[in-house]
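Lettering follows sequence order; numbering is per chain, from 1.
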Protein chains: 2
Amino acid sequence: MSAPHTGVPALLNTALPSPVPRDEHDQCPVTDVLRRVGDKWTVVVVVLLGQRPHRFNELHRGIEAISQRMLTRTLRGLEQDGLVHREVFPTNPPSVEYRLTPLGASLLEPLSALAEWAITHQPTIAASRGVNIRQPRDT
Amino acid sequence: MSAPHTGVPALLNTALPSPVPRDEHDQCPVTDVLRRVGDKWTVVVVVLLGQRPHRFNELHRGIEAISQRMLTRTLRGLEQDGLVHREVFPTNPPSVEYRLTPLGASLLEPLSALAEWAITHQPTIAASRGVNIRQPRDT
DNA sequence: CGGGATCCGGTGTGATACTG
DNA sequence: CAGTATCACACCGGATCCCG
């Protein structure tokens, strides 16, 4: 059923408070999740933790490009939302293990749907960006 | 159900350059899409356009909370990526119609998967936030 | 080892005013 | 109607230093 705007999931319409929330802040859960997932490192961390539990520096080494600060912040955010579980082991050198909660693991499914879309259409998008350059905005 | 993530992460693992890109900028298509979709208004606009084509002020009225600037920027971004088609009608008062391209419409499907997840688990997340508010120091 | 604190720049977002 | 221009500001993300 690949119709333009026929197969549009009614769910999304349901999610949208028809006359979109006028309030300053939006409480739309969809937007909320999207903005969390839309940050720079959350998805990477979630996927890595989806493979298996990791320790802090293990994640840090696995994602060389991330700073300790951002790794910490990302993990804190995920922990706060109940997507990641943090367990501290009182070993000699302190060690902390992070793992996905069932909730966190369940996020991988819808995430993979979007990932598949992204991977599939990325070339098209990239090409479109090259063509549709409107006004070479100077600065 | 005991969270059987059947064959889910496989795709995401494929998407992830195993030892995550060390380069300053990431060209991971997944992250790229996520960051676009993660902005504040893109999803709302896409969903509205998924219902039917809209004109500029029609969208503006439909999303009272958005500023003209942000609406324009959002539409430009979507247009640039080939997700939205912009058509200008040389009527007496100028009118412009925006509609999803087939590519844009196809995004609604994976998006709805994530939306469903968000809506389903939003209460859990909210509750988790209320509990895990802050753990400055776990005793 | 696993962070926290601080500074700092880029950008996303918003309010307002102006224009074809 | 459909934008553009400008200013301002919060917040994200990075670098660095420091601590238990």
Side-chain angles (χ1 to χ4, degrees), chain A residues 20-26 31-32 34-45 53-80 84-99 134-139, chain B residues 20-26 31-32 34-45 53-79 84 86-99 134-139:
Chain A
V20 176
R22 308 175 47 89
D23 30 76
E24 323 73 62
H25 313 322
D26 65 47
T31 298
D32 187 61
L34 253 359
R35 287 181 76 81
R36 169 160 297 277
V37 162
D39 71 32
K40 194 168 184 179
W41 301 110
T42 290
V43 172
V44 185
V45 170
H54 284 70
R55 288 173 52 189
F56 187 85
N57 277 331
E58 197 175 359
L59 285 171
H60 196 195
R61 277 189 297 272
I63 320 175
E64 286 271 350
I66 198 177
S67 63
Q68 290 177 341
R69 174 181 142 90
M70 276 303 106
L71 181 53
T72 300
R73 292 188 70 163
T74 302
L75 288 169
R76 289 287 175 275
L78 288 170
E79 183 191 2
Q80 184 178 344
V84 160
H85 174 69
R86 177 176 181 266
E87 189 170 3
V88 182
F89 296 94
T91 58
N92 199 335
S95 69
V96 179
E97 188 179 271
Y98 294 92
R99 61 153 77 180
R134 286 185 144 263
Q135 300 274 344
R137 294 287 277 252
D138 196 40
T139 315
Chain B
V20 177
R22 308 175 47 90
D23 30 74
E24 324 73 60
H25 313 323
D26 65 46
T31 298
D32 186 61
L34 253 0
R35 287 181 76 81
R36 169 160 298 278
V37 161
D39 71 34
K40 195 169 183 177
W41 301 109
T42 291
V43 172
V44 184
V45 170
H54 284 71
R55 290 173 49 188
F56 185 86
N57 277 332
E58 198 175 357
L59 285 172
H60 196 194
R61 277 188 297 272
I63 321 174
E64 286 272 348
I66 198 176
S67 63
Q68 290 178 340
R69 177 181 143 89
M70 276 305 106
L71 181 53
T72 300
R73 287 185 63 133
T74 302
L75 288 169
R76 289 288 176 275
L78 288 170
E79 184 191 2
V84 160
R86 177 174 179 268
E87 189 169 4
V88 182
F89 297 94
T91 58
N92 200 337
S95 70
V96 180
E97 188 178 272
Y98 293 92
R99 60 152 78 181
R134 282 282 285 173
Q135 286 189 339
R137 285 272 299 205
D138 185 44
T139 344

Please output the side-chain donor-acceptor pairs of residues 55-62 of chain A that fall under 3.5 Å, not counting sequence neighbours, one pair per line with the distance.
| residue | atom | partner | partner atom | Å |
| --- | --- | --- | --- | --- |
| Glu58(A) | OE1 | Arg55(A) | N | 2.8 |
| His60(A) | NE2 | Ile66(A) | O | 3.0 |

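- Regarding Ile63(A), its CD1 atom lies at a distance of 15 Å from the C1' atom of dG14(D), rounded to whole Å.
- Between Arg36(A) and Asp32(A) there is no side-chain heavy-atom pair separated by less than 4.5 Å.
- Regarding Arg86(B), its CZ atom lies at a distance of 16 Å from the P atom of dC1(D), rounded to whole Å.
- Looking at every heavy atom in both residues, Lys40(B) comes nearest to Thr31(A) through O-CG2, 4.3 Å.
- Residue Gln68(B) contributes atom CD, which lies 15 Å from atom P of dT19(C) at whole-angstrom precision.
- Residues satisfying the side-chain hydrogen bond (donor to acceptor under 3.5 Å, both in side chains) test with Arg73(B), not counting sequence neighbours, are none.
- Here the closest heavy-atom approach between residue Val96(B) and residue Tyr98(B) is recorded as CG1-CE1, 3.7 Å.
- When all heavy atoms of Thr42(A) and Val37(A) are compared, the pair lying nearest together is CG2-CA, 4.4 Å.
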Derivation of the side-chain contact (heavy atoms from CB on, under 4.5 Å) call for Leu75(A) and Val45(A): CA-CA 8 Å; Leu75(A) 288 169; Val45(A) 170; 3.8 Å; yes
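- Sorted by residue number, the members of residues 88-98 of chain B with any non-hydrogen atom under 4.0 Å from DNA chain D read Pro94(B), Ser95(B), Val96(B), Tyr98(B).
- Here dT4(D) presents its C1' atom at 14 Å from NE2 of His60(B), a figure rounded to the nearest Å.
- Residue Leu75(A) contributes atom CG, which lies 10 Å from atom P of dG4(C) at whole-angstrom precision.
- Residues that satisfy the side chain to side chain contact (heavy atoms under 4.5 Å, CB included) test with Glu87(B), not counting sequence neighbours, are His85(B), Phe89(B).
- The side chain of Arg55(A) lies closest to dC1(C), out of dG3(D), dG3(C), dC1(C).
- To the nearest angstrom, P of dG3(D) lies 13 Å from CZ of Arg61(B).
- Pro53(A) pairs by the side chain to side chain contact (heavy atoms under 4.5 Å, CB included) definition with Glu97(A), Arg99(A), not counting sequence neighbours.
- Listed nucleotides: dT4(D), dG3(C), dG2(C). Nearest to the side chain of Arg76(B): dT4(D).
- Atom CG in Leu59(A) sits about 9 Å away from atom P in dG2(C), given to the nearest Å.
- The CD1-P distance, from Ile66(B) to dA15(C), rounds to 11 Å in whole Å.
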Considering only nitrogen or oxygen atoms on both sides, find all protein atoms under 3.5 Å from nucleotides 11-13 of chain C and state each distance.
| residue | atom | partner | partner atom | Å |
| --- | --- | --- | --- | --- |
| dT13(C) | OP1 | Arg35(A) | NH1 | 2.9 |
| dT13(C) | OP1 | Lys40(B) | N | 2.9 |
| dT13(C) | O4 | Arg69(B) | NH2 | 2.8 |

